[in-house]
Amino acid sequence: MGNLSKQQGLFDHAKMRNIGIMAHIDAGKTTTSERILYYTGLIHKIGEVHDGTATMDWMVQEQERGITITSAAITCQWMGHWITIIDTPGHVDFTVEVERSLRVLDGAVAIFDGVHGVEPQSEAVWKQADRYEVPRVAFINKLDRMGADFYRSVDSIKEVLGAQTLPIQLPVGEEEAFSGVVDLVSMQVVRFALDDGSKVEYSPLSSLSEDLQQRAGYYREQLIDELTCHDDRLLEYCLGEGEVSEEMIKRSLREVTLKRLVVPILCGSSLKNKGVQTLMTAIIDYLPSPQDISHVRGMNPKNESETIELVRDNSAAFSALAFKVANDPFVGTLVYIRVYSGILKVGDMVYGAKDRRKHRIQKIVRMRSNKRDDIKVAQAGDIVALPSLKGVATGDTLCSSQCFITFESLYVTDPVMAVAIECENSEDTAKFAKALDRLKAEDPSLRVEEDPETAQMLIKGMGELHLEVVVDRLKREFHIPAHVGAPQVSYRETISSAGDFTKVFDRDVAGTRQYARLMIHVSPSDNQTELVIVDQTDKSRGDVVWSDLATHLRDAMEQGLREALYAGPIQGSFVIGVQVCIKEVGYVKECAEPIAFRLVAANVLRESLAQLNPMVLEPYMQLEVVVSEKYLSKVITDIQTRGAKVENITTKNDQQCVTACVSLRKMFGYARDLRSLSQGRASYTMKFSTYAPRDIPL
């Protein structure tokens with residue numbers, strides 16, 4: 001289709017790839033992305049994360065901290081294919097960036113540190129990819145480092161993640177002697193010459209040691225055996241003809257990868273410029289194109305129980321999902337969309353599926369990290385951005401008037417930490433509120449609320465680093481210095497006993513009588529994420545049955561029940577872990593209005609919560625500390641003084657890995673304390689585990 005400057009034509013769907021790069025922090029995602037951009041000719045000098053010059057880490061906060069904070073998209077060309085790459089963060093505080101990227105991507109590259117193998121955030125992003133059924137390949141990185149072990153890393157992927165691993169490459173040499181890879185598909189040795197690794201050299205297996213030749217032969221047999229378990233055509237050929245061709249293996253391997261039956265494993269060292277080109281070729285060979293999934297399913301906005309199916313090609317009605325909203329200093333609001341069907345052109349009118357709001361498309365851009373290339377048309381399979389598109393939020397569906405459809409939105413974890421914040425200059429109050437609104441629209445995991453007791457403004461996020469970056473952006477991007485209070489924990493409330501409760505709503509509203517009666521049984525539930533509502537109405541009594549109630553009245557009653565959970569009876573925290581069984585519903589036909597049902601439901605549940613032994617819950621975190629034996633006892637003593645329950649201590653290479661469960665409120669400032677205890681030689685990760693009663697060990 002030509003080069004990137006030829007933006008007016010449409011791509012061949014079979015030659016498009018939309019992939020994400022995901023991993024634990026510091027596994028080499030951005031370093032790998034930088035090499036991809038270099039080898040595809042988009043950049044002419046390799047930038048490094050540790051120097052703050054990586055193309056994909058363009059934010060000041062990313063360059064200063066040496067980590068990825070926001071996912072960056074870029075489109076490049078390799079072997080006649082167009083690849084849109086999204087480099088995602090590895091830090092748990094920014095996991096929503098991974099979530100929304102995987103929601104719209106067709107495939108993913110999971111990168112693992114060859115020294116540490118599977119790490120905590122590796123598990124988290126793997127589960128996110130499972131949630132959206134994303135096919136993936138794995139890349140064992142950093143094989144040049146001391147302690148790196150390709151085979152141990154492969155075993156950890158299989159054991160910890162439960163993946164059916166299938167190595168298609170083996171390393172040549174270990175640690176400092178790592179020099180290339182054995183391609184088990186073509187049975188050739190691949191080496192990467194010149195300082196930048198840009199010259200790829202191939203040689204026969206006979207150039208290797210006899211031991212490595214035998215190992216390659218063994219893993220080649222394993223590769224063929226695994227493929228024949230899933231591919232009858234390949235099995236018949238092996239039984240009848242003998243040796244299979246490289247093309248046959250690629251075809252079979254592609255099929256099983258797309259079905260998520262296996263995960264092909266590749267290897268290399270991105271920092272030393274080894275293995276990245278073969279990884280790019282594997283993206284082309286084994287990860288899906290938009291046409292590999294022929295249809296896209298959504299819901300009717302007016303009736304969410306009705307499924308709508310569209311063909312994923314340019315001839316269908318236009319539909320797209322807005323998966324990210326960002327603030328650009330030059331063009332204002334940028335809405336990133338994934339086009340699932342149809343064509344979008346500059347000047348077209350599109351609609352928000354839920355509110356039917358019209359939007360005229362003034363401009364379409366293809367992103368190159370924080371830079372933009374104007375294009376005239378976007379097609380099915382494209383990931384592009386729409387500047388100056390107001391009133392569109394993350395998770396919204398855009399569509400044409402020919403077919404109104406809504407797609408499943410994003411899964412966003414509730415925040416677990418908060419800080420009080422106020423602008424230093426009272427004259428900036430309006431500007432401050434507007435800036436917070438923009439940041440909140442950009443980041444679905446950020447919440448802005450007012451403390452009902454102190455009237456302070458609270459910002460809630462996923463951790464200390466998340467909130468630190470928000471405050472820093474307020475200062476640098478919006479030029480609003482702010483006073484920040486000490487971190488606070490986002491508590492929850494629940495109940496510990498059960499009971500039956502009845503409430504009647506019977507009053508005149510604007511001269512009209514409104515009546516509703518509700519009897520419920522309220523009990524604790526193990527479900528901490530949503531209210532459980534169960535129909536226990538007695539159909540033999542002849543009374544109104546919950547399931548028979550008019551839809552608009554039942555919806556109003558459900559809304560009232562959920563509203564009652566917004567503020568608990570103890571300290572006004574959100575209430576979780578509640579099950580409501582509807583036992584009896586009563587109403588007078590002439591007096592049945594939705595507001596009566598909403599209020600009676602909210603009032604009866606709110607009163608019941610106060611009487612069922614309510615308690616406060618606090619967030620507990622899964623903590624993992626990696627530290628040398630020398631500092632192990634100090635680390636364990638420190639976390640035990642914080643009330644942590646040590647669950648396991650394992651050895652990874654020459655490092656000790658301590659896993660514990662600990663209250664979040666006792667972990668503020670832990671990064672600083674851990675550096676002091678270990679002289680900067682330890683690292684840790686922490687992710688949300690569960691809510692539990694305060695100070696009660698799990």
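Values in this document were obtained by computation on a predicted structure and should not be read as measured data. All values below were derived from every heavy atom in this structure, side-chain atoms included, with hydrogens, water molecules and symmetry-related copies excluded. We number each residue from 1, following the sequence as shown.
By the 4.5 Å heavy-atom criterion applied to side chains, Val256 and Glu226 are not counted as neighbours. Considering only heavy atoms from C-beta on, Thr32 comes within 4.5 Å of Leu279 through its side chain. Between Ser289 and Arg17 there is a side-chain heavy-atom pair separated by less than 4.5 Å. Counting heavy atoms from C-beta on, the side chains of Met280 and Met79 never come closer than 4.5 Å. Two residues are said to be in side-chain contact when any heavy atoms from C-beta on lie closer than 4.5 Å; Phe318 and Asp348 fail this criterion. Side-chain atoms of Ile361 and Lys345, non-hydrogen and from C-beta on, never get closer than 4.5 Å to each other. The shortest side-chain heavy-atom distance between Phe323 and Ile86 falls under the 4.5 Å cut-off. Residues Ile293 and Pro288 fail the side-chain proximity criterion, which asks for heavy atoms closer than 4.5 Å.
Put simply, the side chain of Asn141 gets close to the backbone of Ser270: a donor and an acceptor are under 3.5 Å apart. A donor-acceptor distance shorter than 3.5 angstrom exists from the side chain of Arg103 to the backbone of Glu408, with no hydrogens or angles considered. Panel note: side chain Ser33, backbone Lys29; a donor-acceptor pair is recorded below 3.5 Å. In terms of modelled atom types and a separation under 3.5 Å, the side chain of Arg260 and the main chain of Val134 share no donor-acceptor contact. Formation of a donor-acceptor pair under 3.5 Å by the Ser400 side chain with backbone atoms of Ala317 is not found in this model.
Between Arg152 and Val115, the shortest heavy-atom distance links the atoms NH2-O, 3.2 Å. Looking at every heavy atom in both residues, Pro167 comes nearest to Phe150 through CB-CZ, 4.2 Å. In this structure, Arg297 and Phe407 approach most closely via the heavy-atom pair O-CD2, 3.6 Å. Across all non-hydrogen atoms, the minimal contact from His24 to Ser122 is CB-OG, 3.5 Å. Of all heavy-atom pairs between Lys142 and Gly114, the closest is CB-N, 4.3 Å. Tyr340 approaches Val104 most closely through the heavy-atom pair OH-CA, 3.6 Å.
Under a 4.0 Å N-O distance rule, the pair Lys250/Glu246 qualifies as a salt bridge. In this structure, Arg473 pairs ionically with Glu442, as a charged nitrogen and a carboxylate oxygen lie closer than 4.0 Å. With respect to Arg254 and Asp285, no salt bridge is recorded, no charged nitrogen being found less than 4.0 Å from a carboxylate O. A salt bridge links Asp106 with Arg338; the closest basic N to acidic carboxylate O contact falls under 4.0 Å.
Residues passing the ring-ring contact (aromatic ring centres under 6.0 Å, His included) test with Tyr202, sequence neighbours excluded: none.
Side-chain polar atoms of Gln379 and His13 form a donor-acceptor pair below 3.5 angstrom. Counting only N and O atoms by type, the side chains of Thr406 and Thr397 include no donor and acceptor under 3.5 Å apart.
Of the inter-residue distances, the one linking Leu223 atom CG with Leu184 atom CG reads 6.5 Å to the nearest 0.5 angstrom.
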Worked verdict on Arg251 versus Glu255 for salt bridge (Lys or Arg N to Asp or Glu O under 4.0 Å): CA-CA 6 Å; Arg251 175 197 57 78; Glu255 289 179 359; 3.2 Å; yes
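Put simply, the residue from Val377, Leu386, Val384 that forms a side-chain contact (heavy atoms from CB on, under 4.5 Å) with Leu344 is Leu386. Screening Ile284, Ile74, Asn18 for a side-chain contact (heavy atoms from CB on, under 4.5 Å) involving Ile83 leaves a single residue, Ile284.
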